[in-house]
Amino acid sequence: MGKYYLTTPIYYVNARPHLGHAYTTIVSDALARWHRMLGDDVYFLTGTDEHGLKIQQAADEAGTSPKEFADGIAPLFAQAWERLNISNDDFIRTTEERHRTGVRKLLQACYDAGDIELDTYSGLYCVACEAYYVEDDLESGNCPIHKKPVEHVEEENYFFRLSRFEQRLLDWYSSHPGAVVPEHRVNEVIGFIKQGLQDFSVSRRTLTWGIPLPFDESHVAYVWFDALANYITAIGYGTDDEKFRKWWPADHHVIGKDIVRFHNVYWPAMLMSAGIEPPAGWAVGGWLLVGGEKMSKTTGNVVNPLDLIDEIGVDGFRYYVLSDTTYGGDGDFTYEGLISRYNSDLANNLGNLAARVATVVGKKCGGTGTAPSPDSPLAAHARTAVDDTIAQWQAVQPSRALEATWGLIRATNAHLETNEPWKAEPGPAVDAVMGDALEALRIVAILCHAAVPATAQEIWRRIGMTGNVADMRVPADTAWGGYPAGRPVEKGEPMFPRRTVA
RNA sequence: GGGCCAGUAGCUCAGUGGUUAGAGCAGGGGACUCAUAAUCCCUUGGUCGUAGGUUCGAUCCCUACCUGGCCUACCA
């Protein structure tokens, strides 16, 4: 029991929310919900990254101001997360005053520490990438990513002396084992550091859409200081010391593997320079591929998560992305996989279990829930499911956590087959079996809430429990025997009607 | 070029220095009918990437290689 501060990356507002954003955000939400059930005081942050040249250009093209442009896109993210039932406690936009204040304080702190210095840089610059290239990177003089000509740029820039932090970073990682999950990702980080770190530019003077450096207003902060800093500015760095002290350091920065370098090397170095403790942990996920390929506009396989919600439901979608990918590796999103998971796990196992239990309780117990048997064989299954589910969420392995939880669902279906309460005359024996099943559903509702919150609440309600399942505590409320007799049990409409492949 | 990771049943993945390598889904057979043609039971299926080595014994340790992915590098 303690505090748990977790973050998603902030998403760049040059594109609408897509499956990749949704994946990271859903994983984060499940972690946040799980930790609330553990009794942790949770602060769950997400937001949008709104500065930079690309936004300025997009705004120019749209004939509007950068702020107005961002104002048009940022709500799309907030709305998407609302529809996906994301329980973020805060949503930060880098155009907010609290962020501006905090970023300037961070820059000043690094500057005062002597780690930000003026230098000149000349090189070939790709506007689209907002990055410099050397000759050999280019393909016939063009940017290798955008295939567009690069510009020769020479400008005075402020540089962050990342090169000074090699040893400190290595020392920090060696004294903080387990800070990165899955564990193998930390090898990449250490390998990168050992290759030698180069200073990076932290400002642009050709750009106006950004936060001016406090020590030189003719420059605006470049992406790293602007974007990464959201993790501290949102919790009061520079504006609310007490709040900041309460929440920092972050317990998990949930990120994708593509931004490991910035989050695990640049960011802790920046914090060290400013005299701030590095984050306590990172959870690094792979990509969610679509049909085996990286999602991209050119292949035309961009998936809009909101379209899927209409078809499969919020929880169907959440369950699929959480259960069908091993966190840390790449996952593959397919329509067939979505339907298959939905039918087998949600419709056939969970949904059907709830329905058959309700029906038998209706026929044999007068529609009123009965008490579970204290020494039911199901109790051991429940105990195993609880223990394994806890361990897997702890390890940030949602797919394995759900597998553990579903083990109890399967065991409950088997328990019913073994006892065949539908054949027996009403009486204590049937009451005990149905009480067992209801108790199992109660525990399942608690265990699956992090992944499928609306479903968990609906099961909770149908078996006659009052209040919010979200208020239950793990493991205290998962002890066998918590289901009280005498509650009305409702069958209701199928929660997950089977889908046929279109 | 260097580095990291992965390569286990048709698919997605677990797994351990040691008797017959596991789960879910898919496939096959059977049972049941309370339930969303759902469920339950049984079952087919794997030279554990390739070749060596260490060991009494390796899928798990070491070496090389192959394949895939990622990171990284100012060989013309």
Side-chain angles (χ1 to χ4, degrees), chain A residues 123-124 132-138 180 182-198 256-262 264-265 284-287 289 292-294 320-334 336-365 367 384 388 391-392 395 397-407 409-424 426 430 433-434 437 441 489 491-501:
Chain A
L124 301 165
Y132 284 96
Y133 286 95
V134 295
E135 289 282 355
D136 291 352
D137 292 332
L138 304 179
V180 180
E183 203 172 352
H184 74 259
R185 289 288 176 194
V186 80
N187 296 340
E188 250 175 61
V189 174
I190 290 169
F192 180 80
I193 297 169
K194 284 185 173 171
Q195 285 180 12
L197 299 177
Q198 296 189 340
K257 65 181 183 181
D258 50 328
I259 51 178
V260 163
R261 196 172 107 202
F262 311 115
N264 291 76
V265 180
V284 184
W287 284 320
L289 306 173
E293 293 182 34
K294 192 174 172 184
Y320 174 61
V321 299
L322 289 171
S323 69
D324 213 53
T325 62
T326 299
Y327 190 72
D330 289 348
D332 191 16
F333 186 100
T334 64
E336 293 72 22
L338 174 69
I339 298 297
S340 172
R341 274 286 178 181
Y342 174 92
N343 280 337
S344 66
D345 292 359
L346 295 178
N348 296 353
N349 281 325
L350 179 56
N352 183 56
L353 175 64
R356 70 193 302 206
V357 167
T359 297
V360 179
V361 168
K363 289 184 177 178
K364 304 289 183 178
C365 309
T384 300
D388 292 350
Q392 295 300 348
Q397 286 296 338
S399 64
R400 296 178 195 168
L402 289 168
E403 192 181 342
T405 299
W406 253 247
I409 295 171
R410 278 189 280 272
T412 305
N413 271 319
H415 185 63
L416 292 174
E417 296 294 330
T418 302
N419 292 285
E420 299 185 310
W422 45 87
K423 284 184 177 176
V430 169
V433 171
M434 297 321 295
L441 281 172
V489 174
K491 182 173 182 185
E493 292 299 308
M495 283 184 282
F496 301 102
R498 281 180 60 84
R499 307 289 184 192
T500 49
V501 181

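Lettering of chains follows the sequences in order, A, B, ..., and the numbering in each one begins at 1.
B:C11 and B:G27 are spaced 12 Å apart, taking the C1' atom of each and rounding to whole Å. When the P atom is compared between B:A58 and B:C42, the two are found 33 Å apart, to the nearest whole Å. Going from the P atom of B:A21 to that of B:C25 covers 22 Å, rounded to whole Å. Rounded to whole Å, the P atom of B:U19 lies 14 Å from the corresponding atom of B:C60. Atom name P, nucleotides B:C13 and B:G53: the rounded distance is 33 Å, in whole Å.
The distance between atom NZ of A:K363 and atom P of B:U33, rounded to the nearest whole Å, is 12 Å. B:G69 atom C1' lies 14 Å from atom CG of A:D332, rounded to whole Å. Note: CD (A:E420) to P (B:C34) measures 11 Å, nearest angstrom. Look at CG on A:L441: it is 16 Å from P on B:A35, rounded to the nearest Å.
Within the 4.0 Å cut-off from OP1 or OP2 of B:C32, not a single side-chain nitrogen or oxygen of A:K423 is found.
The backbone N or O of A:T334 sits less than 3.5 Å from a side-chain atom of A:Y320, completing a donor-acceptor pair. In this structure, A:Y342 contributes its side chain and A:P497 its backbone to a donor-acceptor pair below 3.5 Å.
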For RNA chain B, what is the dot-bracket line, given that a base pair needs Watson-Crick (N1 to N3, plus N6-O4 or O6-N4) or G-U wobble (N1-O2 and O6-N3) geometry with both distances under 3.5 Å, and | means paired with another strand?
-> (((((((..((((....[...)))).(((((.......))))).....(((((..]....))))))))))))....
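The list of side-chain hydrogen bond (donor to acceptor under 3.5 Å, both in side chains) pairs with a residue in residues 352-364 of chain A, not counting sequence neighbours, reads A:R356-A:N413, A:R356-A:E417, A:T359-A:K491.
If you take CG on A:D345 and CH2 on A:W406, they are separated by 6.5 Å, rounding to the nearest 0.5 Å. To the nearest 0.5 Å, atom CG of residue A:L338 and atom CZ of residue A:R499 are 9.5 Å apart.
With sequence neighbours excluded, the residues forming a salt bridge (charged side-chain N to carboxylate O under 4.0 Å, His left out) with A:E188 are A:R185, listed by chain and number. Checked against side chain to side chain contact (heavy atoms under 4.5 Å, CB included), A:E420 has the following partners two or more places apart in sequence or in another chain: A:W422, A:K423.
Closest approach to the A:W422 side chain among B:C32, B:C70, B:A35 is made by B:C32 (side chain taken as heavy atoms from C-beta onward).
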Tabulated below should be each protein N or O lying under 3.5 Å from an N or O of nucleotides 8-13 of chain B; please produce it.
from  : atom 1 : to     : atom 2 : distance (Å)
B:C13 : O3'    : A:T326 : OG1    : 3.4

Between protein and nucleic acid, restricted to nucleotides 36-41 of chain B and to nitrogen or oxygen atoms under 3.5 Å apart, what atom pairs and distances do you find?
from  : atom 1 : to     : atom 2 : distance (Å)
B:U36 : OP1    : A:K491 : NZ     : 3.0
B:U36 : O2     : A:F496 : O      : 3.1
B:U36 : O2     : A:R498 : N      : 3.4
B:U36 : N3     : A:F496 : O      : 2.9
B:U36 : O4     : A:G351 : O      : 3.2
B:A38 : OP1    : A:R498 : NE     : 2.9
B:A38 : OP1    : A:R498 : NH2    : 3.0
B:A38 : O5'    : A:R498 : NH1    : 3.4
B:A38 : O2'    : A:N348 : O      : 3.3
B:A38 : O2'    : A:N352 : OD1    : 3.4
B:A38 : O2'    : A:N352 : ND2    : 2.7
B:U39 : O2'    : A:R356 : NH1    : 3.0
B:U39 : O2'    : A:E417 : OE2    : 2.9
B:U39 : O2     : A:E417 : OE2    : 3.3

